[in-house]
Q: 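First the structure, then my questions, so here it is.
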Amino acid sequence: MELLKLENINLSFKFPEGEVKVLENISFSINEGEILALLGPSGSGKSTILRIIAGLLKPQEGKVYYKGKELKGINHGVSMVFQNFALFPWLTVLENVEIGLRALGLPQELRREKALKAIDLIGLDGFENAYPKELSGGMKQRVGFARALVMEPDILLLDEPFSALDVLTAENLRNDLIELWIEKKIPTKAMILVTHSIEEAVYIADRVILLRKDPGRIIKEINIDIPHWRDKKSKEFLDLVDMIYGILTGKPVEKIAFKEKRHLFIPQAGVGAITGLIEVVNDKEGPVDIYKLGEELLMDIEDLLPIVEASEILGLAEVKEGDFYLTNAGKKFAEADVLERKELFKELAIEKVPFLKQIVRILQSKSNHKASRTFFLDLLKQHLSAQEAEKQLDVLIDWGRYAEIFEYDDNKDEIYLPEVPLAEVKNE
């Protein structure tokens with residue numbers, strides 16, 4: 001039975017600088033008995049989609065259907081578990097779990113009965129009268145689960161519920177949730193999990209929807225046919241994880257589109273991170289599986305992908321089917337000394353990042369070879385939101401200063417050419 005359907009959802013937010021599209025043509029459904037994972041990097045709209053499903057946000061275009069009827073307001077068939085616990089510190093565990101039932105106007109005895117049952121189910125029996133400050137992070141999140149489950153929702157929305165916990169606590173709570181689901185000890189008919197961990201998505205979900213950002217849109221839907229419990233070391237599991245890494249890092253469809261707007265967007269990756277990645281891969285003397293590399297470096301996709309993409313943009317590496325290859329330039333960079341690296345980085349950055357070239361041209365055209373940070377920020381704001389423009393300029397300054405393309409005075413907020421002028425940049 002189809003519980004929920006999203007149809008051509010489009011959402012934009014308005015800022016003083018203009019409109020920013022957040023979601024584009026989001027369409028999917030979820031059936032009874034399914035766990036669906038929304039997987040993608042920050043900025044791909046995962047949490048925004050949950051809020052649209054809950055009826056907390058209304059899209060400009062598209063429709064949400066719950067049990068075949070168009071959703072017009074708050075969706076009373078869902079409950080949400082948040083990343084940051086979101087407990088009321090002045091209420092006890094029992095009172096926190098009861099809060100939703102109280103809002104429904106249920107009698108005190110019925111509220112108490114339902115809340116105690118949920119607390120016992122989630123493994124917090126004996127802590128009914130404790131306050132949040134007395135609980136560990138894992139126990140606080142269990143209260144969050146009990147508060148959501150006591151409402152007996154058809155669909156449980158999970159907004160990165162394990163990401164604020166340490167590794168062992170998260171694994172324990174994750175397994176307890178799967179056990180409750182498998183043994184049908186909870187009334188929930190379906191779950192939607194938001195995550196940026198590929199391994200978590202493959203471990204929990206029956207189906208995974210992969211999202212890209214700027215704007216958030218669906219690039220692939222993958223069925224996970226491995227029965228629970230799933231062995232994370234099995235070839236079947238690792239092959240699926242590897243395939244998803246390949247899809248998220250390969251970008252076969254979007255390379256042309258990216259080239260057209262690359263002067264407007266470069267990944268948030270510092271020179272140190274790029275250099276470290278290139279050195280690690282070079283030491284391994286061959287292509288490296290990105291999933292295994294992330295596991296080895298204790299980095300999830302959200303941290304690793306920008307560094308991988310930046311290495312590609314600079315021509316230091318290539319990604320093919322989930323494997324990371326160093327180019328000849330990448331190998332040369334890894335084996336060069338400090339000064340040679342700077343020179344090579346300068347050549348590649350000027351060639352591959354047109355906005356860096358534009359900065360140099362502007363500085364060369366001015367009599368004092370200086371310009372304010374605000375000047376370049378305003379140029380970026382013609383195409384990007386204020387927040388994104390700030391991030392982009394920070395990365396450009398980091399790259400430019402490292403390569404000695406230009407210098408930056410933090411006190412005056414000025415970008416200027418070094419005393420020894422950079423060689424004239426030719427027009428393409």
Q: Do L6 and I53 have side-chain heavy atoms sitting under 4.5 Å apart?
A: yes
Q: Just say parallel, tilted or perpendicular for the rings of F237 and Y203, cut-offs at 30° and 60°.
A: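 The rings of F237 and Y203 stand perpendicular, inter-plane angle above 60°.
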Q: With the threshold set at 4.0 Å, does a side-chain nitrogen-carboxylate oxygen contact exist between K292 and D242?
A: no
Q: Check whether any side-chain heavy atom of F406 sits under 4.5 Å from a side-chain heavy atom of L356, and report yes or no.
A: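 Touching, per the 4.5 Å side-chain cut-off.
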Q: Does E152 use its side chain to pair, donor to acceptor, with the backbone of T188 at less than 3.5 Å?
A: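 A pair under 3.5 Å: no.
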Q: Is it true that R111 and E109 make a salt bridge, defined as a side-chain N closer than 4.0 Å to a carboxylate O?
A: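 E109 and R111: not salt-bridged.
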Q: Taking G294's backbone N and O only, do any of them form a donor-acceptor pair with E296's side chain (distance below 3.5 Å, no angle check)?
A: no
Q: Strictly below 4.0 Å, N to O, side chains only: are R142 and D176 in salt-bridge contact?
A: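 Yes, R142 and D176 are salt-bridged.
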Q: Which pair of heavy atoms, one from L57 and one from L11, lies closest together, and at what distance?
A: CD1-CD2, 4.3 Å
Q: State whether the number of non-hydrogen atoms from other residues, nucleotides or ligands found under 6.0 Å of K58 atom NZ is greater than 12.
A: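 No, not enclosed.
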Q: Hey, does F85 have a side-chain heavy atom less than 4.5 Å from the side chain of N96?
A: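 SC-SC contact between N96 and F85 ruled out.
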Q: Taking N75 for its side chain and G77 for its backbone only, find out whether a donor-acceptor pair lies under 3.5 Å.
A: yes
Q: Can we say E134 and K140 salt-bridge, meaning some charged N sits less than 4.0 Å from an Asp/Glu carboxylate O?
A: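 The answer is no: the pair does not qualify as a salt bridge.
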Q: Evaluate whether atom CD of E285 has more than 12 neighbouring non-hydrogen atoms of other residues, nucleotides or ligands under 6.0 angstrom away.
A: no
Q: Check step by step if side chain to side chain contact (heavy atoms under 4.5 Å, CB included) holds for W229 and I178.
A: CA-CA 8 Å; W229 296 86; I178 294 171; 3.8 Å; yes
Q: Main chain of L326, side chain of N282: is a donor-acceptor contact present, judged purely on distance under 3.5 Å?
A: no
Q: For the residue pair R174 and F162, would you count it as a cation-pi contact if the rule is NZ or CZ under 6.0 angstrom from the ring centre and within 45 degrees of the ring axis?
A: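 Verdict for F162: a cation-pi partner in R174.
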Q: Is it the case that over 12 heavy atoms from other parts of the model lie below 6.0 angstrom from the CG atom of N328?
A: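 Counting other residues, nucleotides and ligands, CG of N328 stays at 12 neighbours or fewer.
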Q: Whether E95 and R147 form a salt bridge (side-chain N of Lys/Arg under 4.0 Å from carboxylate O of Asp/Glu) is what I want to check.
A: no
Q: Below 4.0 angstrom, N of the basic side chain to O of the carboxylate: do K189 and E34 qualify?
A: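 Salt bridge between K189 and E34, a charged N being under 4.0 Å from a carboxylate O: no.
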Q: Please examine the side chains of Q141 and P161, heavy atoms only from C-beta on, and report whether any two atoms are closer than 4.5 Å.
A: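 SC-SC contact between P161 and Q141 confirmed.
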Q: Got a salt bridge between E24 and K21, using NZ or NE/NH1/NH2 to carboxylate O under 4.0 Å?
A: yes
Q: Determine yes or no for a side-chain-to-main-chain donor-acceptor pair under 3.5 angstrom, with H228 supplying the side chain and I204 the backbone.
A: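 The answer is yes, because a donor-acceptor pair under 3.5 Å joins these two groups.
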Q: Looking only at heavy atoms, which two atoms of Q268 and V395 are closest? And how far apart?
A: OE1-CG2, 3.6 Å
Q: Ignoring hydrogens and geometry beyond distance, is a side-chain donor-acceptor pair present between S47 and D159 at under 3.5 Å?
A: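 Judged by distance alone, the side chains do pair up.
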Q: Can you tell if the side chain of I274 reaches within under 4.5 Å of the side chain of L314, non-hydrogen atoms only?
A: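 Yes, their side chains come closer than 4.5 Å.
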Q: Using a strict 4.0 Å threshold on nitrogen-to-oxygen distance, state whether E221 and R207 make a salt bridge.
A: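 Yes, charged N to carboxylate O under 4.0 Å.
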Q: Give a yes or no on whether a salt bridge exists between R112 and E98, defined as a side-chain N under 4.0 angstrom from a carboxylate O.
A: yes
Q: Could you check if a side-chain atom of W399 sits within less than 4.5 angstrom of a side-chain atom of I266, using non-hydrogen atoms only?
A: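 They are in contact (side-chain heavy atoms under 4.5 Å apart), so the answer is yes.
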Q: How about E347: does its CD atom have over 12 heavy atoms from other parts shown lying under 6.0 Å from it?
A: yes
Q: For I198 and L248: C-alpha separation, side-chain torsions, deciding distance, then whether side chain to side chain contact (heavy atoms under 4.5 Å, CB included) applies.
A: CA-CA 10 Å; I198 294 175; L248 289 174; 4.0 Å; yes
Q: Sub-3.5 Å donor-acceptor pair from the side chain of T169 to the main-chain atoms of L165, do we have one?
A: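 Looks like no, no N/O pair under 3.5 Å.
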Q: Evaluate side chain to side chain contact (heavy atoms under 4.5 Å, CB included) for N25 paired with I9, printing each intermediate quantity in order.
A: CA-CA 5 Å; N25 295 329; I9 297 296; over 6 Å; no
Q: Looking only at heavy atoms, what is the nearest atom pair of G144 and V81, with distance?
A: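 In terms of heavy atoms, the two residues are closest at O-CG2, 4.0 Å.
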Q: Search all heavy atoms of P215 against all heavy atoms of R217 and return the closest pair with its distance.
A: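 Shortest heavy-atom contact: O-NH1, 2.9 Å.
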Q: How about V288 and Y325: do any of their side-chain heavy atoms sit closer than 4.5 Å?
A: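 No, every pair of side-chain atoms sits at 4.5 Å or beyond.
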Q: If you look at every heavy atom in A269 and A310, which pair is closest and at what distance?
A: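 In terms of heavy atoms, the two residues are closest at CB-CB, 3.8 Å.
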Q: Can you see which heavy atom on A118 is nearest to which on A146, and at what distance?
A: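 Taking every non-hydrogen atom into account, CB-O, 3.8 Å.
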Q: Do D206 and R230 meet the salt-bridge criterion of a basic N to acidic O distance under 4.0 Å?
A: yes
Q: Is there a donor-acceptor contact under 3.5 Å linking the side chains of D154 and Y66?
A: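 Yes - a donor-acceptor pair under 3.5 Å links their side chains.
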Q: Going by atom types only, do T195 and E200 share a side-chain donor-acceptor pair under 3.5 Å?
A: yes
Q: Before you tell me yes or no, could you show the steps for E414 and R373 under salt bridge (Lys or Arg N to Asp or Glu O under 4.0 Å), namely the whole-Å CA-CA distance, both residues' side-chain angles and the distance that decides it to 0.1 Å?
A: CA-CA 5 Å; E414 280 185 340; R373 174 192 171 93; over 6 Å; no
Q: Apply side chain to side chain donor-acceptor pair (under 3.5 Å) to residues Y245 and D289 and explain how you reach the verdict.
A: CA-CA 9 Å; Y245 256 101; D289 182 291; over 6 Å; no
Q: Does R102 reach the main-chain N or O of Q108 with its side chain, forming a donor-acceptor pair under 3.5 Å?
A: no
Q: May I ask you to check whether N8 and S27 show a side-chain donor-acceptor distance below 3.5 Å?
A: yes
Q: Do other residues, nucleotides or ligands put more than 12 heavy atoms under 6.0 Å from the OH atom of Y402?
A: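 For Y402, atom OH is crowded (more than 12 foreign heavy atoms under 6.0 Å).
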Q: I'd like to know if the side chain of T327 and the backbone of L316 have a donor-acceptor N/O pair within less than 3.5 Å.
A: yes
Q: With side chains defined as the heavy atoms from C-beta onward, is the minimum distance between I35 and I30 less than 4.5 Å?
A: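 No. Closest side-chain heavy atoms not under 4.5 Å.
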